[in-house]
Amino acid sequence: MRKNILMAVIAASTVAIPTGALAQRLPAAVIAVVDSGRIYSEGTACAAARTQLQSQQTALQNRQKALADQLRPEGQQLETAVRGLNGKQPDAALQARIKAFQDKETAANRELQQGQQRLQSTQANVLRQINERLNPIINQAMTARGANVALDVDATLAHGQTVDITADVLARLNSALPSVSVTPLPQQQQQQQQPQGR
């Protein structure tokens, strides 16, 4: 009997605590929407950087084609010479030519790989510079509109134009960041961005 009374008192005391007293009251969400695709395509610094990055990509593709054009005739000659042996081992002179060609191929592949890594590093550096300025600008524009949450337009199913702060963000970004450095990341940042274990 005493046990039942004690259980009833405990049950009553847990029911008596209002749930609102335990939960933290949060303000209602006031949402702003930003079209990041438009920011990255129309931003002054973004557009200028994109043009330079495309130019670097084209230069790398042209270099790849030039190296392939240089190596192709020699590779075809060596292939013909090896086929002409009908399964026999190549002599020392042909082996030396094959080795020299393989070294050229390796050097060309290394050059192209380094060029690709440099281009990727440059792209990462451009994005880093833009995002360093963009995130605080989004917060400023959001606060100016009385919003406490910002979403990318791609994260919404529908929204009214009154919550879209893209034009404001774009104007502020163009003013704060007219250009960016289109160069590879500084060495220290490149090492930080590489996956662990490399």
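Follow the hydrophobic side-chain contacts under 4.5 Å out from Val153 and you never reach Leu134; the two are in separate clusters. Following chains of ILVMFWY side-chain contacts shorter than 4.5 Å, one cannot reach Leu173 starting from Val33, and the two form parts of different hydrophobic clusters. If you chain together hydrophobic residues whose side chains sit under 4.5 Å apart, Leu127 and Leu185 never meet in one group. Note on Ile130 and Val169: same hydrophobic cluster, where clusters join Ile, Leu, Val, Met, Phe, Trp and Tyr whose side-chain heavy atoms are under 4.5 Å apart, directly or indirectly.
With values rounded to the nearest 0.5 angstrom, Asn131 atom CG is found 11.0 Å from Ile137 atom CD1. Atom NZ of Lys65 is separated from atom CG of Asp69 by 4.0 Å, given to the nearest 0.5 angstrom. Atoms CD1 and CD1, on Ile39 and Ile138 in that order, are 7.0 Å from each other to the nearest 0.5 Å. To the nearest 0.5 Å, atom CD1 of residue Ile31 and atom NE2 of residue His159 are 11.5 Å apart. Here Glu79 contributes atom CD and Glu74 contributes atom CD; the two are 13.0 Å apart, rounded to the nearest 0.5 Å. Taken from CG in Leu60 to CD in Glu111, the straight-line distance is 8.5 Å, to the nearest 0.5 Å.
Minimum heavy-atom separation, Asn125 to Ser181: ND2-O, 3.9 Å. What you find for Met142 and Ala32 is that their closest heavy atoms are CG-CB, 4.4 Å. Residues Val149 and Ala29 share a closest heavy-atom pair of CG2-CB, 4.4 Å.
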Test Val34 against Asp152 for side chain to side chain contact (heavy atoms under 4.5 Å, CB included), laying out the working first.
CA-CA 5 Å; Val34 179; Asp152 193 292; 5.9 Å; no
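Not a single donor-acceptor pair under 3.5 Å links the side chain of Arg63 to the backbone N or O of Leu112. Between the side chain of Ser121 and the backbone N or O of Gln117 there is no donor-acceptor pair closer than 3.5 Å. Of the possible donor and acceptor atoms, none in the side chain of Arg38 sits under 3.5 Å from a partner among the backbone N and O of Gly43. Listed for the Thr44 side chain is no donor-acceptor partner under 3.5 Å among the backbone atoms of Asn174. At least one donor-acceptor pair closer than 3.5 Å links the side chain of Thr166 to the backbone N or O of Asp35. Checking side-chain atoms of Thr58 against main-chain N and O of Gln54 turns up a donor-acceptor pair under 3.5 Å. Not a single donor-acceptor pair under 3.5 Å links the side chain of Gln57 to the backbone N or O of Leu53. In this structure a side-chain-to-backbone donor-acceptor pair under 3.5 Å is present from Arg133 to Ala176. For the pair Thr122 (side chain) and Arg118 (backbone), a donor-acceptor distance under 3.5 Å is present.
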Throw together a table of side-chain donor-acceptor distances under 3.5 angstrom for residues 91-101, partners on residues two or more places apart or in other chains.
from  : atom 1 : to     : atom 2 : distance (Å)
Asp91 : OD1    : Ala93  : N      : 3.3
Asp91 : OD1    : Leu94  : N      : 2.8
Gln95 : NE2    : Pro90  : O      : 3.1
Lys99 : NZ     : Asp103 : OD1    : 2.9
Lys99 : NZ     : Asp103 : OD2    : 3.1

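Side chains of Gln89 and Leu85 form no contact here, defined as non-hydrogen atoms less than 4.5 Å apart. Looking at heavy atoms from C-beta onward, Gln77 lies out of side-chain contact with Thr80 at the 4.5 angstrom threshold.
In terms of the side-chain contact (heavy atoms from CB on, under 4.5 Å) criterion, residue partners of Arg145 (sequence neighbours excluded) are, by chain and number, Ile165.
Cluster note: Val30 groups with no other residue, as no ILVMFWY side-chain heavy atom lies under 4.5 Å from it.
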